[in-house]
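Here the structure comes first, spelled out in structure tokens, and everything after it is commentary.
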Amino acid sequence: MAAVTQCVRGALRPRLPLLSAAIRTSPRLLCAATQQKNTGQNLEEDQSQSQNEQKVEASSAEKLLAEEKAKLEEQLKEVTEKYKRALADVENVRQRSQKLVEEAKLYGIQSFCKDLLEVADILEKATESVPKEEIKDDNPHLKSLYEGLVMTEVQIQKVFKKHGLLRLNPVGAKFDPYEHEAVFHTPMEGQEAGTIALVSKIGYKLHGRTLRPALVGVVKDP
């Protein structure tokens, strides 16, 4: 038994210094481990704070970008509206100009037509002044003159019609202040009030526009 005890002591004796050294160095190791743990926690906290700051910065940048996008979209909308209005104005000007050109083509001869109307009036009065009973074969000169006047009047009316100039002889029609000019009013049996009873001077329209109103007598209530 004594021999066994001595053998155990002999086996443990060389290891005692190692255990003692391990015990002495363990507080340092524990301190270092604690420091490493604290350092790891601090790094995690710094990383978390950095990530939060990055998220805040990213959120602010997104907000600024969104605001800038909204401004640009608003500016684009305004520019588009101005562009559309400008196009509409240009189109309106073009249409008005085209209309003026077309009207100039249609009514450019208005003054010339007015002057010719006087010639037509003279021809009409000349043919009306010839006594119908005098137009006979035994009076060839008067007959030829009359027929020439009639043919000239017919031809000039054809020229007028070709250029859009039409007669207004509204006997029996309702009075229209845009086409007729009343020179007198008279009661007349069997005629409705406001009806044209007499035309003292023929009127004319050029392409649907009254060039000269007809001078008329209008029926009034008795």
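Source: prediction; values computed, not measured. Note that the numbering runs from 1 along the sequence shown for the chain.
Between K201 and E181 there is no salt bridge, since none of the side-chain N atoms of the basic residue sits less than 4.0 Å from a carboxylate O of the acidic one.
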M151 and Q155: CA distance, side-chain angles, deciding distance, side chain to side chain contact (heavy atoms under 4.5 Å, CB included) verdict: CA-CA 6 Å; M151 290 176 64; Q155 186 62 32; over 6 Å; no

Evaluation steps, side chain to side chain contact (heavy atoms under 4.5 Å, CB included), between L76 and L72: CA-CA 6 Å; L76 178 61; L72 291 174; over 6 Å; no

Side chain to side chain contact (heavy atoms under 4.5 Å, CB included) between L117 and L211, worked out: CA-CA 10 Å; L117 294 184; L211 182 63; 4.0 Å; yes

Derivation of the side chain to side chain contact (heavy atoms under 4.5 Å, CB included) call for K132 and Y146: CA-CA 10 Å; K132 300 298 185 291; Y146 177 79; 3.6 Å; yes

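No single ILVMFWY cluster, assembled from side-chain heavy atoms under 4.5 Å apart, contains both I109 and V159. Transitive grouping of hydrophobic side chains (ILVMFWY, heavy atoms separated by less than 4.5 Å) brings L165 and Y107 into a common cluster.
To the nearest 0.5 Å, the span separating NE2 on H207 from CG on L166 amounts to 9.0 Å.
Only one option out of K205, R209, R212 pairs with E179 in a salt bridge (Lys or Arg N to Asp or Glu O under 4.0 Å); it is K205.
Within 6.0 Å of CD in E133 there are more than 12 heavy atoms belonging to other residues, nucleotides or ligands. Residue E67 places its CD atom among more than 12 non-hydrogen atoms of other residues, nucleotides or ligands, all under 6.0 Å distant. The number of heavy-atom neighbours closer than 6.0 Å to NZ of K174, taken from other residues, nucleotides and ligands shown, is above 12.
Side-chain atoms of Q95 and E91 form a donor-acceptor pair, as typed in the model, at a separation below 3.5 Å.
Here Y204 pairs with F160 under the ring-ring contact (aromatic ring centres under 6.0 Å, His included) rule; sequence neighbours left out.
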